[in-house]
Amino acid sequence: MYDIKHNGILNRRSRHIGGVVTAAGLSANDMILWSFIVLPISIITYGVGQCFVAVGLFVGNVFNWLFLARRIKAYQELSKKEIYNASDFMSVRYGARGLNYILAISWMIILMFILYLVLTYVAKIIGGHTNKDSIIYIFIILVALVAIISVADGKFFLIGKAVTYITILGIVIALIVLIFVHFSPTGILDIYRKCNLPGGTRTYLDIMYYDGKAIQVTDIISMVSAALGSIGFPFFFGGILRCRDSKEVDKSRVLGMLISGISVITVSFFALLSIVTFYPVKAKSIKNSYEVFNKAINALSADYKYGVLIKDISIGVYLLALIFFAGSLLLMIAELLRGIIPSVRIGRIHVHRVYVDILIISIVVSIVLLMYLYSDLDAISIIVRDWDVCGGVFAAPLICGILYDKSTKTGIYSGFFAGALTYGLISYIPVVTGLTIPYVSDINEGVFAFAVNMIVILVVSRFTKKPDSKQLRLLEQVKISQR
């Protein structure tokens with residue numbers, strides 16, 4: 001992978017980094033968010049049925065690697081255009097600068113919320129039981145730290161994120177091994193029975209049950225639809241477009257899928273087993289995924305000579321992974337923002353890109369601080385909602401832009417706005433006996449929005465002006481390069 005420099009703080013000069021870092025870095029982006037914040041507490045609270053979300057995340061990553069990665073990279077190479085992220089690609093693909101603005105601004109809003117939530121999550125972990133004023137200071141320090149990491153050398157940042165991510169995965173695997181060292185299989189089942197898990201032990205450990213109730217097909221569709229969020233989340237394409245060439249994408253592909261698979265399996269398995277480490281504390285009393293890791297590490301390292309040191313290092317790596325992820329969010333927000341203000345002139349004076357970058361970072365940091373001071377959001381519900389929006393609104397245009405040669409600018413615009421409108425309407429407007437469609441059908445909004453989005457794109461593209469001959473030849477060359 002390489003970083004792209006433009007003589008500013010957020011650099012754009014090519015620096016080759018190996019395929020291992022590429023695969024780990026791309027897998028780390030959404031897997032840190034889900035594997036270390038959302039999934040552990042969700043699985044512990046609701047049971048094995050929640051693992052369908054993990055399946056969806058894996059499916060989405062596999063789809064990205066198998067069908068989208070090489071094709072979007074080949075388009076960048078053959079077009080010889082400056083394409084650095086997904087919004088750049090869509091703008092060049094359809095010759096629509098306005099599409100770049102719409103996508104970039106929409107993604108920035110979503111990423112800003114997630115950045116705020118991740119920083120707040122880390123601040124509360126570090127602050128512990130201190131008062132809110134103390135946590136504000138910690139939050140400000142964290143924002144500064146993330147900003148510093150983000151403007152550091154690109155090679156350092158990517159390697160640091162990849163190493164941290166692989167290390168925390170290694171720690172999770174080690175914790176699973178230690179659980180089996182400390183507890184026999186029969187002992188684990190015995191503790192499960194004492195925990196009064198939702199629906200009882202057998203139901204709790206049955207993937208076809210969720211929170212003690214049988215899972216319906218509609219529930220499975222909703223959970224597996226996390227795959228759409230993996231496609232619509234902009235990080236993956238930004239990483240692929242920074243790869244040196246298509247050959248490097250090929251090298252990264254198998255490893256990227258492998259790391260994603262290992263992540264969801266190990267974290268899900270660990271979450272289920274970790275219940276035995278904090279017994280007699282009830283699973284329902286655990287508040288967040290950090291508590292899951294903290295209590296498990298406490299219990300499993302207590303008997304060792306350097307148990308305290310092991311615990312401190314493990315928790316430090318966990319927090320560092322979250323900080324690196326926050327840095328990735330800040331970089332992506334800043335890159336999207338810089339993409340829509342590519343240069344600045346005051347009269348005849350050209351403002352240096354460094355000052356533009358400083359302005360961008362200042363704006364992002366200020367907004368995040370204001371969000372912290374004046375809002376109190378539930379982290380997991382907002383993350384899930386943002387992921388759902390990415391799947392419902394952005395996934396279909398990206399899939400069609402990359403895979404469907406005959407999709408048109410009008411079709412993409414129509415599908416995007418139809419998907420966004422559908423998501424908003426069915427989320428808040430009751431239509432059946434005072435209830436919304438997702439509530440009645442048990443299928444989340446993102447699935448409906450994605451379906452409408454895709455259908456509108458296909459139908460409108462069929463009856464509107466096709467791409468010009470030059471664009472069609474380029475797309476044909478992209479196809480040929482994939483054989």
Residues which pass ring-ring contact (aromatic ring centres under 6.0 Å, His included) with [X], listed by chain and number, not counting sequence neighbours:
X    : result
F270 : F293
F448 : none
F236 : W65

Considering only heavy atoms from C-beta outward, does the side chain of [X] approach that of [Y] to under 4.5 Å?
X    : Y    : result
N64  : F237 : yes
I83  : D88  : yes
P397 : M90  : yes
V48  : Y209 : no
F89  : Q76  : no
L300 : V181 : no
E335 : Y84  : yes
I275 : C195 : yes

*Verify side chain to side chain donor-acceptor pair (under 3.5 Å) between Y423 and D388, making sure each step is shown before the conclusion.*
CA-CA 9 Å; Y423 193 97; D388 202 29; 3.1 Å; yes
First locate atom [atom1] of [X], then atom [atom2] of [Y], and finally report the distance between them rounded to the nearest 0.5 Å.
X    : Y    : atom1 : atom2 : value
T120 : I382 : OG1   : CD1   : 11.5 Å
I315 : I297 : CD1   : CD1   : 4.0 Å
Y210 : T45  : OH    : OG1   : 8.5 Å
T167 : I313 : OG1   : CD1   : 11.0 Å
L175 : T277 : CG    : OG1   : 8.5 Å
I240 : S252 : CD1   : OG    : 6.5 Å

_Quick check against the 3.5 Å criterion: does N61 have a side-chain atom that pairs as donor or acceptor with the backbone of M257?_
no
*Examine distances only and state if a side-chain atom of T266 and a backbone atom of S263 form a donor-acceptor pair shorter than 3.5 Å.*
yes
If you draw a 6.0 Å radius around [atom1] in [X], do more than 12 non-hydrogen atoms from other residues or ligands fall strictly inside?
X    : atom1 : result
Y439 : OH    : no
F278 : CZ    : yes
F416 : CZ    : yes

_Would you say Y101 and S87 are linked by a side-chain donor-acceptor pair, where the criterion is simply a distance under 3.5 Å?_
no
*Polar contact flag, side-chain donor to acceptor under 3.5 angstrom, N294-Y318*: no
*If you look only at pairs with a residue in residues 438-450, which of them pass as a salt bridge (Lys or Arg N to Asp or Glu O under 4.0 Å), with sequence neighbours excluded?*
R385-E445
*According to the interplanar angle, ranging from 0 to 90°, do the rings of W34 and W387 count as parallel (below 30°), tilted (30 to 60°) or perpendicular (above 60°)?*
perpendicular
_Nearest heavy atoms of S289 and I41, plus distance in Å_ = OG-N, 3.2 Å
_side chain to side chain donor-acceptor pair (under 3.5 Å) contacts in which one or both residues fall within residues 214-238, not counting sequence neighbours_ = S225-N444
*Enumerate the residue pairs fulfilling side chain to side chain donor-acceptor pair (under 3.5 Å) with a member in residues 175-185, sequence neighbours excluded, ordered by first and then second residue.*
S184-T186
*Run the numbers on K194 and D190 for salt bridge (charged side-chain N to carboxylate O under 4.0 Å, His left out), then give the verdict.*
CA-CA 7 Å; K194 295 175 182 177; D190 185 53; 3.3 Å; yes
_Consider side chain to side chain contact (heavy atoms under 4.5 Å, CB included). Of I323, I37, I383, which one does V118 pass it with?_
I37
*Look at E248 together with R70 and state whether they make a salt bridge at an N to O cut-off of under 4.0 Å.*
no
